[in-house]
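What follows is a short report on a single structure.
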Amino acid sequence: RITHNESTQQHSVLLDTMGKSAAKIRRNIARAAARGETYTPPEPTVKKVTPELTEEDDEQNGESEEIDEAIEAKKSSAAEKLEQTLASLESNPDNLNAKERRSAKRKAEAIATEESGCDDVTVLMEWYKRHKASASSKAGRKKKGKQNQNPAATIEKLSEEDKAKLESAKKLNESIAKLEKNDKLNSKERRSAKRKAEAIAVEETGTAATELIEWYEKIVPPAVNSNSKGKKIPYIVFVGQLSYSTTADQLFGHFHGTLGSDVIKEETVKIRLLTDSKTKKSRGMAFVELDSPETMYECLKMHLTHLDGRRINVERSAGGGATAKKARISTYRESQSNYISETMDSILSSFIKNGEIVPEELDEGVIGLCKRHSATVVEAALKEYVEEKKERKIKKETLGEKEEEEFRNPSAFLTHMIGRIAEEGIGNSSKGRGSRDRNDDGGG
């Protein structure tokens with residue numbers, strides 16, 4: 001005879017066993033026990049659920065703006081925030097105990113490594129110390145060099161030829177600034193216009209565009225040049241598999257409706273829908289620019305949600321050269337897949353811990369399905385499933401044997417719930433609709 005504890009331990013193996021259903025393995029165990037024998041389930045195999053992304057997604061993900069030039073600034077910003085957080089935890093103004101401080105420290109370090117792209121927080125902080133010392137030294141030299149700097153006086157001393165060259169450089173600088181602010185252009189059109197402006201400047205001055213801009217900024221420093229303001233590098237997520245009819249406003253509404261106004265705000269979110277250069281119609285892809293890494297990670301929760309009849313992909317965008325970009329995208333996807341799997345395991349564990357679901361209640365098929373949907377959809381489906389189960393239990397106790405109200409197939413019922421909520425959206429289903437579902441899938 002198998003005890004409850006033995007059954008629970010066996011089921012912990014069953015949940016991760018592929019090839020045979022959990023129900024079949026349970027039957028084999030029971031039959032073997034009746035014969036006085038022991039049945040050993042097959043060795044579990046681990047299968048990672050990786051979201052399907054098309055080659056078109058890969059190709060267009062490479063169209064994000066080049067932001068490699070800001071890596072050093074990101075590292076510095078992340079390290080500075082970590083340094084401040086650690087200092088605050090050291091002073092302990094909130095009277096945290098040792099365990100809470102360690103937890104807060106680990107969280108701060110994890111955020112710093114993600115923001116900076118540096119795997120080791122110790123290496124990051126050592127780099128930051130060297131960077132601060134170097135930046136301080138450079139700032140001192142620049143300040144000293146600019147004390148008596150007067151752009152107007154410098155320009156006045158230029159030859160007529162250099163003044164003409166300066167005028168061409170100014171036009172190029174202003175053109176590039178305008179192109180960067182023009183949201184109506186897609187990436188290809190922006191690059192084409194930039195190359196055209198650079199070609200005109202090169203023809204007028206006989207100087208390479210990069211060299212010309214560097215020379216211009218030495219004479220008219222960014223602090224003086226009102227057109228050259230500090231550019232804030234955004235955090236970007238790529239959205240693929242959109243319906244061709246989905247607009248930027250509809251995409252914003254989808255994110256806003258699910259994540260809430262505290263996370264998604266018009267002033268901190270910028271959506272750039274990719275369009276065909278000739279027809280100007282949507283290509284079913286978009287870049288969403290955000291103002292903080294926290295908001296970016298919240299937006300990743302929208303991965304595999306449904307919008308306009310399509311299950312969309314939401315993933316981190318990667319800049320840089322082709323080789324580096326491909327490596328980053330691969331790393332981001334693997335990390336995101338692991339995160340989704342761990343999140344689902346955590347959600348299911350919390351329901352089991354609270355006694356709302358028993359370990360052997362759901363088979364590995366529906367657990368695998370959970371990992372192919374967004375956390376928000378799965379959590380909503382599980383809550384509705386538990387509520388429906390409670391109502392059925394009450395009805396059975398009230399009606400006795402006159403009407404069977406127990407789930408005949410809990411996994412099939414939850415599978416149907418997940419599909420319906422994913423398609424209709426969270427909060428769009430009613431109790432009446434939920435009651436009708438029992439006659440469709442797994443109900444009594």
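Position 1 is the first residue of the sequence; numbering continues from there. These numbers were taken from a predicted model, which means no experiment stands behind them.
In this structure the side chain of H373 reaches within 4.5 angstrom of the side chain of H306, judged on heavy atoms. For the pair I213 and L172, the minimum side-chain heavy-atom distance is below 4.5 Å. Contact annotation: the side chain of Y244 never approaches that of K281 to less than 4.5 Å [non-hydrogen atoms, C-beta and beyond]. No side-chain heavy atom of F238 sits less than 4.5 Å from a side-chain heavy atom of V314. V239 is not listed as a side-chain neighbour of M285, based on a closest heavy-atom distance of 4.5 Å or more. Residues L274 and F287 have side chains in contact (heavy-atom distance under 4.5 Å, counting atoms from C-beta outward). Looking at C299 and Y235, their side chains never come closer than 4.5 Å, going by heavy atoms from C-beta outward. In this structure, the side chains of I271 and V269 come closer than 4.5 Å at one or more pairs of heavy atoms.
R311 and L304 make their closest contact through CG-O, 3.2 Å (heavy atoms, listed as atom of the first residue, atom of the second, distance). When all heavy atoms are compared, the tightest approach of Y128 to A79 is CG-CB, 3.4 Å. Looking at every heavy atom in both residues, V202 comes nearest to A209 through CG2-N, 3.8 Å. A201 and L212 get closest at one heavy-atom pair: CB-CD2, 3.8 Å. For L251 against A286, the heavy-atom pair with the smallest separation is CD2-CB, 3.9 Å. Looking at every heavy atom in both residues, V378 comes nearest to C370 through CG2-O, 3.4 Å.
A donor-acceptor distance shorter than 3.5 angstrom exists from the side chain of R190 to the backbone of L179, with no hydrogens or angles considered. Q250 contributes a side-chain N or O that, together with a main-chain N or O of T247, makes up a donor-acceptor pair within less than 3.5 Å. Of the possible polar contacts, one joining the T415 side chain to the S411 backbone as a donor-acceptor pair under 3.5 Å is found. Judged by distance alone, with hydrogens and angles left aside, the side-chain atoms of D363 form a donor-acceptor pair with the main-chain N or O of V366 at under 3.5 Å. For the pair T258 (side chain) and F255 (backbone), a donor-acceptor distance under 3.5 Å is absent.
Atom CG of residue D249 and atom CD of residue E266 lie 8.5 Å apart, to the nearest 0.5 angstrom. Atom CG of L124 and atom CD of E83 lie 10.5 Å apart (nearest 0.5 Å). Rounded to the nearest 0.5 angstrom, L242 CG and D308 CG are separated by 8.5 Å. One finds the CZ atom of R372 at 12.5 Å from the NE2 atom of H303 (value rounded to the nearest 0.5 Å). With values rounded to the nearest 0.5 angstrom, M302 atom CE is found 8.0 Å from I264 atom CD1. Once rounded to the nearest 0.5 Å, the distance linking CD of E267 with CG of D291 reads 9.0 Å.
A salt bridge does not link E388 to K383: none of the charged nitrogens lies less than 4.0 Å from a carboxylate oxygen. Look at K301 and E298 and you find a salt bridge, because one of the NZ, NE, NH1 or NH2 atoms lies within 4.0 Å of a carboxylate O, short of that distance. Salt-bridge annotation for R420 and E384: present, with a side-chain N of the basic residue lying under 4.0 Å from a carboxylate O of the acidic one. A salt bridge links R35 with E37: the closest approach of a Lys/Arg side-chain nitrogen to an acidic carboxylate oxygen falls below 4.0 angstrom.
Below 30°, between 30° and 60°, or above 60°: for F413 and Y385 the angle between ring planes is between 30° and 60°, a tilted geometry.
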After noting the C-alpha distance and the side-chain angles of E361 and K389, does the key distance pass the side chain to side chain contact (heavy atoms under 4.5 Å, CB included) rule? CA-CA 12 Å; E361 188 168 341; K389 189 169 69 167; 3.0 Å; yes
Take I418 and V377 through the side chain to side chain contact (heavy atoms under 4.5 Å, CB included) test and state the conclusion after the steps. CA-CA 7 Å; I418 291 172; V377 166; 4.2 Å; yes
K270 and V288: side chain to side chain contact (heavy atoms under 4.5 Å, CB included), yes or no, with the steps? CA-CA 6 Å; K270 177 182 175 183; V288 181; over 6 Å; no
Using the rule given for side chain to side chain donor-acceptor pair (under 3.5 Å), can you reason through Y297 versus R316, listing the C-alpha separation, both sets of side-chain angles and the distance that settles it, and then say yes or no? CA-CA 9 Å; Y297 283 106; R316 288 178 65 182; 3.1 Å; yes
For a side chain to side chain contact (heavy atoms under 4.5 Å, CB included) check, start with the C-alpha distance between D276 and K280, then their side-chain angles and the critical distance, and finish with the verdict. CA-CA 5 Å; D276 185 270; K280 302 299 179 183; over 6 Å; no
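Not counting sequence neighbours, the partners of S243 by the side chain to side chain donor-acceptor pair (under 3.5 Å) test are S245. Under the rule for a side-chain contact (heavy atoms from CB on, under 4.5 Å), the partners of E214 that lie at least two apart in sequence or sit in another chain are T210.
In the model, S261 has no side-chain atom that pairs as donor or acceptor with a side-chain atom of H256 under 3.5 Å. Side chains of S88 and T85: a donor-acceptor N/O pair is absent below 3.5 angstrom, by distance only.
For the side chain to side chain contact (heavy atoms under 4.5 Å, CB included) criterion with L414, the lone passing option out of L369, I367, L382 is L382.
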Acceptor/donor pairs from residues 345-358 side chains to any protein atom, 3.5 angstrom cut, sequence neighbours excluded:
{"from": "D345", "atom 1": "OD1", "to": "K371", "atom 2": "NZ", "distance (Å)": "3.2"}
{"from": "S349", "atom 1": "OG", "to": "D345", "atom 2": "O", "distance (Å)": "2.7"}
{"from": "S350", "atom 1": "OG", "to": "I347", "atom 2": "O", "distance (Å)": "2.6"}
{"from": "N354", "atom 1": "ND2", "to": "S350", "atom 2": "O", "distance (Å)": "3.1"}

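Taking a 6.0 Å sphere around NZ of K194, one finds it holds 12 or fewer heavy atoms contributed by other residues, nucleotides or ligands.
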